[in-house]
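Reviewing the structure listed below.
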Amino acid sequence: MVTSLRSLPVRRPFLTATLAILALAGLAAGALTAEPRAKDLFGAEKLPAVAAAQSFGFYSKGCFAGGVAIPMDGPSWEVMRPSRNRRWGHPAMIALIEKLARDAHADGWPGLLIGDISQPRGGPMLTGHASHQIGLDADIWLTPMPSRPLSMAQRESMSATLMVDEKTHLVKDALWTTRHTQLLKRAASYPEVERILVNPGIKKKLCDTVKGDRSWLRKIRPFWGHDYHFHMRIGCQPGSHGCKAQEATPADDGCGKPLAWWFTAEPWRPNKNPDAPKARDIMTMANLPKECRAVLDAPNPASAEAVTYHGDGLPIAGNDLPIAAAEPPAESSAEATVPVGATAMPASASAFAPTPKIGIPLPRPRPEN
């Protein structure tokens with residue numbers, strides 16, 4: 001005979017007390033684990049850390065100090081999606097983007113449309129990227145800069161051009177030009193650039209069409225997404241002793257078996273665990289290098305303009321203090337006034353701005369369904 005708990009009233013107080021204890025234990029455990037997410041802390045920062053330029057950790061788990069901004073407009077570039085406030089990077093990264101813009105323009109490319117670089121102090125982003133955390137990654141659109149300047153509204157709403165057929169995973173021949181090839185070759189020519197991520201279809205197009213010197217193709221690496229833009233990554237910079245380098249690319253052109261794998265069914269099969277949380281969604285400060293706490297605590301510059309890089313080849317004045325010695329200027333605060341002008345940060349700039357559903361060039365992961 002099965003006896004129910006209802007027939008044993010003497011046990012009810014015990015059961016009630018046990019459940020209460022378990023509930024309290026659960027609340028206590030929740031309180032202990034309710035650490036702020038690192039992406040919320042770094043996403044809330046609107047200005048960089050006044051400190052020596054240093055990257056800490058790895059491209060997908062770290063932060064950086066001493067960041068500078070690329071101006072909203074240059075003679076051969078325009079920053080896209082300005083409300084996202086992701087035009088920041090290590091000074092070496094920003095200087096290289098400006099150099100690429102100048103060199104590519106001289107090669108015949110109309111000008112760069114610049115996508116996400118990093119948040120002001122790096123760290124995990126609220127949306128879109130796993131990397132871009134240490135100021136050494138940048139997304140460049142494969143859409144050339146229009147002949148007429150884009151308004152701020154157009155920069156927020158203009159769609160990038162999809163260069164790859166999503167069914168065949170091959171480049172759309174009607175859109176691809178030799179100027180696209182030259183742009184990627186130019187970007188790969190810089191010693192600082194260690195790899196450039198593109199859609200597998202773009203890599204195949206280069207493998208099929210590049211003649212003569214093919215040595216630069218080893219830096220062009222296929223990856224999911226990256227069909228609206230290419231992702232340029234530079235190596236750890238001098239002085240960044242806490243920066244973790246990535247593996248070197250193979251010495252060959254990358255046009256053999258590894259590329260052929262991308263044109264099988266395997267890379268495009270649904271993710272077996274699509275509901276698994278992304279690292280950025282659960283990462284706390286405990287998961288990041290210990291220096292990242294100091295990066296968050298470091299003082300702000302007086303304004304965004306004060307730490308905007310204007311291509312003079314020199315670090316931004318006043319942004320070269322060691323983190324440990326940095327002291328907030330009397331006029332500095334989280335509410336620092338931003339001057340109005342072409343290179344000033346928009347008043348609405350925020351990493352919390354929603355991602356427009358209009359083909360913004362963000363890397364897309366392996367298909368989920």
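Every value quoted in this text rests on a predicted model; they were computed, and no experiment measured them.
Under the 3.5 Å distance criterion, with hydrogens and angles disregarded, a donor-acceptor pair is assigned to the side chains of Glu156 and Ser83. For the residue pair Ser131/Ser60, the side-chain donor-acceptor check at 3.5 Å is not satisfied. When only modelled atom types and interatomic distance are considered, Trp176 and Thr181 share a side-chain donor-acceptor pair under 3.5 Å. Residues Glu305 and His310 have side chains that bring a donor and an acceptor to within less than 3.5 angstrom of each other. Side chains of Asp139 and Tyr228: no donor on one and acceptor on the other come within 3.5 Å.
When the salt bridge (Lys or Arg N to Asp or Glu O under 4.0 Å) test is applied to Arg179, no partner is found at least two apart in sequence or on another chain. With sequence neighbours left out, His105 forms a ring pair (Phe, Tyr, Trp, His ring centres under 6.0 Å) with no residue at all. With sequence neighbours left out, Lys205 forms a salt bridge (Lys or Arg N to Asp or Glu O under 4.0 Å) with Asp173. Legend: residues meeting salt bridge (Lys or Arg N to Asp or Glu O under 4.0 Å) with Arg37, ordered by chain and number and at least two apart, are Asp40. Remark: His169 engages no residue in a side chain to side chain donor-acceptor pair (under 3.5 Å) (not counting sequence neighbours).
A 6.0 Å sphere centred on NZ of Lys219 holds more than 12 heavy atoms belonging to other residues, nucleotides or ligands.
Residue pairs meeting the salt bridge (Lys or Arg N to Asp or Glu O under 4.0 Å) criterion with at least one partner in residues 117-138, sequence neighbours excluded, are Glu45-Arg121, Asp137-Arg233.
Here the closest heavy-atom approach between residue Leu150 and residue Leu113 is recorded as CD1-CD2, 4.1 Å.
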